[in-house]
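Remarks on the structure that follows.
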Amino acid sequence: MTDPALTLNEFTAALGSFEAEAGPAVAAATEADALEAVRAKYLGRAHGWLKDLSAKLGQLPKADRAAAGAAFNEVRLRVEATLDARRVALAPVRDAGALADPTMPARETWPGGVHPVTQVIDEMIEIFRELGFTVALGPEAESPWYNFGSLNFPADHPAMDLHDTLYLSDDLVLRTHTSPVQVRTLQAYPPPIRVLIPGNVHRRDPFDASHAPTFAQVEGLVVDEGISFADLKATLTHFANRFFGATKTRFRPSYFPFTEPSAEMDVLCGVCRGSGCGVCKQSGWIEILGSGLVHPAVLESAGVDSEKYTGWAFGMGPARTALARHGIPDIRLLYDSDVRFLGQFAK
Ligand code: PHE
C-alpha cells in the first residue's frame with residue numbers, strides 16, 4: 001500500500017499553515033516550560049509537525065522534491081530562529097540582585113597581556129623581518145652532536161659536564177643554547193640564509209637574580225658569500241638602536257668555540273644612561289648578546305663549503321634584555337607569574 005501522491009501545491013499549503021501556527025505559538029509562550037512544549041509540538045524529532053512534513057516530502061513527485069526540500073528548510077530555519085530568540089528573551093536575568101542595587105561594584109575583568117619576554121621576542125622578529133630574516137625552530141631535546149660536536153666544542157669541553165648540562169640519556173640532552181639550530185637550519189636550507197631562531201634552553205644553573213635554569217634565547221644566523229664582521233656590527237647596532245631607541249653599543253672581544261672572532265655586545269644602561277646604577281652593577285653598560293663570525297668548522301659540519309661562504313651569528317637572552325629595557329633588578333620577577341608585577345608591562 002502506498003500513500004496517495006501529494007501535489008506540490010498541497011505541500012506548500014501545509015508548509016504555510018505550519019509556519020502560520022508555529023510563529024504565534026512561540027510568541028504566546030511566556031515561560032521556558034511552555035516554550036519547550038511548543039518546540040516539541042512543532043519541531044520535535046520524534047512526532048512533531050515538522051516530522052510529518054518531512055515525511056510528506058517523500059510523497060511528492062520526484063521532479064518537485066528539490067524545490068520543496070529547499071522551501072521546507074527555509075521555513076524550518078525561520079521557525080527555529082524565532083524559537084531561539086524567544087528562549088533568550090525568556091531566560092532569567094542573571095544576577096538580578098546586582099540590577100536591583102546599582103551601587104554594587106562592577107564585575108572585575110581580567111584581560112590577558114603579552115609577557116614582557118615574549119614582547120622582546122616578538123619585537124626582535126619584527127625588526128629582523130624588515131631586514132629579510134625569517135624564523136626557524138629546532139628541538140629542545142637535542143643530540144650532544146648538534147648541541148656541542150657540530151659546533152666545534154672540543155671533546156673535553158667543560159660545558160658538556162654533568163654539572164652544566166641536563167642529560168636525558170647518554171645520547172640526548174636538553175639543549176643548552178639555540179646554536180645547534182644553526183647547523184640544523186644550514187643542513188635543511190642551503191645559503192644564502194638569514195634566520196632568527198627563538199626557543200627555550202636549559203642549563204644546570206641555580207635560580208638567582210641573574211640566572212634561570214630554563215630561559216629563552218634568540219639566535220640569529222646569516223650565511224652568504226662575502227659576509228664580514230662589518231655586516232655583524234652594522235646589523236646588531238641597527239637592531240639595538242631600533243629596539244632601545246637611539247642608544248650606544250660597544251663590542252668586547254670574547255670566546256665561543258663556534259665563532260671566530262667572537263664578541264659580546266653591550267648597550268648603554270637604559271636606567272642610568274651610563275652613569276652607573278644597581279641594574280648595570282655600576283658599569284653603565286648591559287651585556288645583551290654574544291656573537292661572532294661562524295667558525296669554518298661549523299659550516300663544514302653542516303655541509304656548507306667554508307671556502308665559498310662566510311657568516312655571522314649571535315645569541316641573545318630576551319629575559320636579560322627585558323631587564324635592561326625596564327630596569328628590572330631581578331630576573332626571577334619575570335618567572336614568578338605574579339600578575340600584579342607582570343600587569344605593568346601588559347600590552
Ligand atoms: N650560544 C651562545 C650562548 O648560549 C651565544 C652565541 C650564539 C654566541 C651565536 C655566538 C654566536 O652563550
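These numbers come from a predicted model, not from an experiment. Each ligand, and each atom within it, is numbered from 1 in the order the structure gives.
With Phe314 as reference, Phe128 is the one residue of Phe239, Phe256, Phe128 to meet the ring pair (Phe, Tyr, Trp, His ring centres under 6.0 Å) rule.
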Just list the N/O pairs, ligand 1 to protein, that are under 3.5 Å apart, with the distance for each.
unit_1	atom_1	unit_2	atom_2	d
ligand 1	1 (N)	His177	ND1	3.0
ligand 1	1 (N)	Ser179	OG	2.9
ligand 1	4 (O)	Arg203	NH2	2.9
ligand 1	4 (O)	Gln217	NE2	2.9

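Ion pairing between a basic and an acidic side chain is recognised when a charged N comes within 4.0 Å of a carboxylate O; Glu130 and Arg242 show such pairing. Looking at Arg250 and Glu287, no side-chain N of the basic residue comes within less than 4.0 Å of a carboxylate O on the acidic one, giving no salt bridge. Under 4.0 Å is where a charged nitrogen must lie from a carboxylate oxygen, and between Asp164 and Arg203 no such pair does.
Centroid-to-centroid, the aromatic rings of Phe345 and His326 come within less than 6.0 Å.
Under the 4.5 Å side-chain heavy-atom criterion for grouping Ile, Leu, Val, Met, Phe, Trp and Tyr, Phe207 is connected to Phe341 within one hydrophobic cluster.
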